[in-house]
Protein chains: 2
Amino acid sequence: MATGRTHRPATRSRGIPEATVARLPLYLRALTALSERSVPTVSSEELATAAGVNSAKLRKDFSYLGSYGTRGVGYDVEYLVYQISRELGLTQDWPVVIVGIGNLGAALANYGGFASRGFRVAALIDADPAMAGKPVAGLPVRHTDELESIISDNGVSIGVIATPAGAAQQVCDRLVAAGVTSILNFAPTVLAVPDGVDVRKVDLSIELQILAFHEQRKAGEEPGQGARTAASRSGSARPAAAAARDGRKGPDGDVPAVMPA
Amino acid sequence: MATGRTHRPATRSRGIPEATVARLPLYLRALTALSERSVPTVSSEELATAAGVNSAKLRKDFSYLGSYGTRGVGYDVEYLVYQISRELGLTQDWPVVIVGIGNLGAALANYGGFASRGFRVAALIDADPAMAGKPVAGLPVRHTDELESIISDNGVSIGVIATPAGAAQQVCDRLVAAGVTSILNFAPTVLAVPDGVDVRKVDLSIELQILAFHEQRKAGEEPGQGARTAASRSGSARPAAAAARDGRKGPDGDVPAVMPA
DNA sequence: CCTTGTGAAAGGGTTCACAGCA
DNA sequence: TGCTGTGAACCCTTTCACAAGG
């Protein structure tokens with residue numbers, strides 16, 4: 001059948017487990033904040049708290065990068081920021097294209113965290129001719145016809161898809177054919193890509209559904225009090241709570257999406 | 001400070017592993033598409049392909065829900081749609097509030113997949129007085145002052161935060177105090193919440209950084225082996241030169257986000 | 001003392017492979 | 001015959017607990 005690949009070649013390269021890689025950005029953010037406050041060193045305990053994980057996990061994660069800490073003291077903030085940035089490949093600048101400039105695409109284009117950390121929006125692309133030339137976040141929107149040339153001219157290897165579900169696969173195919181090897185997909189569809197291409201997805205409705213699942217459980221076993229009904233009020237129910245972690249996968253098509261491309 | 005829970009008595013929920021719960025929405029989407037095409041039954045193999053997972057995993061997942069399939073035949077589409085919807089708590093309507101109506105908030109408000117399955121946007125809330133009353137996606141934007149009353153009047157238990165990072169924790173606290181027990185956070189911050197409250201986060205820059213990590217690896221070892229994909233030129237991994245951005249600037253847990261709340 | 005770094009134990013999740021049944 | 005449902009193996013991740021070392 002259709003490829004359906006969404007895998008990664010096994011990231012065998014040199015250790016570092018996926019779960020750890022997924023947390024490095026979190027550590028980096030916390031460290032950057034400390035750095036701005038000119039904090040020289042942090043303990044695994046403090047940093048872990050700031051990043052929302054537990055210290056054992058953090059130390060284990062860092063152990064995969066090397067021994068960057070000092071026993072009895074902690075980690076040097078600046079040094080760690082550098083090491084993690086390097087590990088994540090953020091010491092270089094990655095040009096990115098965003099396809100589908102609707103509300104979502106515009107929001108992404110305006111997103112500050114973007115430009116600030118290793119990424120640069122090389123171009124905004126939309127299929128609507130009426131959008132062409134219109135400035136969004138300081139950049140003129142380019143028409144889809146130019147997609148291929150934009151990618152090769154700028155050496156873009158990362159693409160963001162913010163089109164409606166119906167256009168996603170088509171856009172994806174063109175991006176890949178033009179040389180993009182990493183895709184961040186906001187459209188609620190399972191993208192089929194050849195081996196060697198990484199796809200990560202962000203799906204609003206999936207997240208909401210997962211929350212609804214847990215919410216339902218809470219309502220179902222409300223302690224004492226009577227009246228509950230879905231969404232009555234009642235603060236915390238049973239700590240049947242949570243696990244907010246990240247689960248990745250590829251959704252499939254249906255749900256109307258967010259914007260025109 | 002401190003991230004609320006760090007420990008959980010183990011997902012006692014009611015059997016169903018977290019990983020499975022995270023995939024149910026995928027199956028549901030694929031099934032809904034089949035349902036619309038009036039396909040009566042589907043095999044684990046077909047459905048798995050449509051959902052982007054492998055059949056063994058899918059069958060194992062379904063086994064936690066019960067034995068809804070027929071050996072030698074497959075699964076009844078309509079029946080499964082119902083069972084999964086029920087399991088996810090989508091047979092009831094969940095009122096949701098979106099706080100922070102900038103580009104992102106507006107995109108979320110316009111998101112069709114929302115209303116279509118179990119969720120209903122009860123209100124759009126923003127801190128900017130100028131926004132008050134302005135219609136977005138057919139709903140008038142309400143001012144933050146009304147947050148508490150909106151939540152209790154509508155029995156809202158799920159809230160979406162699409163504000164800048166700086167306002168997120170504060171908004172979160174108010175939501176929780178007002179009775180919200182599930183939060184979907186789009187702001188790049190670690191939210192601290194009391195036990196019993198679920199938080200899931202969607203973070204653009206984290207996803208991009210993870211992609212960059214893998215992209216960097218690809219660039220590093222570009223194996224001769226042609227035909228590694230449809231991606232014509234392996235010119236992938238072509239980080240533009242560039243040192244980086246200016247020293248300071250404020251990329252961090254305080255990244256200028258997407259919109260005002 | 002203090003905190004890191006890490007073997008080893010414990011838990012989940014994924015995959016295998018086949019028994020069981022329509 | 002064909003496909004589901006599932007025990008068991010396997011593998012990845014998290015947690016524990018302590019030795020190592022500033």
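Order of the sequence lines sets the chain letters (A, B, ...), proteins ahead of strands, with each chain counted from 1. Computation of the quantities below employed the complete heavy-atom set of this structure, encompassing side-chain atoms and omitting hydrogens, waters and symmetry-equivalent molecules.
Distance, R71(B) CZ to dG2(D) C1': 12 Å, rounded to whole Å. Here the P atom of nucleotide dG5(C) and the CG atom of L47(A) are 12 Å apart, to the nearest Å. Rounded to whole Å, the distance from CG on L65(A) to C1' on dG5(C) is 13 Å. Rounded to an integer number of Å, the gap from OH of Y64(B) to C1' of dG7(D) is 11 Å. Atom CZ in R59(B) sits roughly 15 Å away from atom P in dT14(C) (whole-Å rounding). Taking atom CD of Q83(B) as the reference point, atom P of dG5(D) lies 12 Å away to the nearest angstrom. Counting to the nearest Å, the P atom of dC10(D) and the NZ atom of K60(B) are 15 Å from each other. Taking atom CD on E45(A) and atom P on dC1(C), their separation rounds to 20 Å, with Å as the unit.
Taking the side chain of S63(A) as heavy atoms from C-beta on, and the options dT14(C), dG5(C), dT15(D), the nearest nucleotide is dG5(C). Side chain of A19(B), nearest nucleotide from dT13(D), dG13(C), dT3(C): dG13(C). Closest contact between the side chain of S44(B) and the listed nucleotides dT14(D), dG13(C), dT4(D) involves dT4(D).
An OP1 or OP2 oxygen of dT15(C) is reached within less than 4.0 angstrom by a side-chain nitrogen or oxygen of N54(B). The side chain of K57(B) places an N or O atom within less than 4.0 Å of a non-bridging phosphate oxygen (OP1 or OP2) of dT15(C).
Using a 4.0 Å cut-off between charged side-chain N and carboxylate O, R217(A) and E87(B) make a salt bridge.
At a threshold of 4.0 angstrom between heavy atoms, the contacts of Y75(B) are confined to the sugar-phosphate backbone, with no base atom among them.
Using a distance-only test at 3.5 Å, with no hydrogens or angles considered, no donor-acceptor pair links the side chain of S35(A) to the main chain of L31(A). At distances below 3.5 Å, not a single donor-acceptor pair connects side-chain atoms of T20(A) with backbone N or O atoms of I16(A). Checked by atom type and distance alone, the side chain of S85(B) pairs as donor or acceptor with a backbone atom of V81(B) at under 3.5 Å.
Each of A56(B) and V73(B) was matched to the nucleotide of DNA chain D holding its nearest heavy atom; the match closer to the 5' end belongs to V73(B).
Side-chain atoms of V180(B) and V156(B), non-hydrogen and from C-beta on, do get closer than 4.5 Å to each other.
The salt bridge (charged side-chain N to carboxylate O under 4.0 Å, His left out) search around E46(A) returns none, not counting sequence neighbours.
Between Y68(A) and the options Y75(A), Y79(A), Y82(A), a ring pair (Phe, Tyr, Trp, His ring centres under 6.0 Å) holds for only Y79(A).
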- prompt: According to the Watson-Crick and G-U wobble definition with distances under 3.5 Å, which dot-bracket string, read 5' to 3', encodes DNA chain D, using [ ] for crossing pairs and | for pairs with another strand?
  reply: ||||||||||||||||||||||
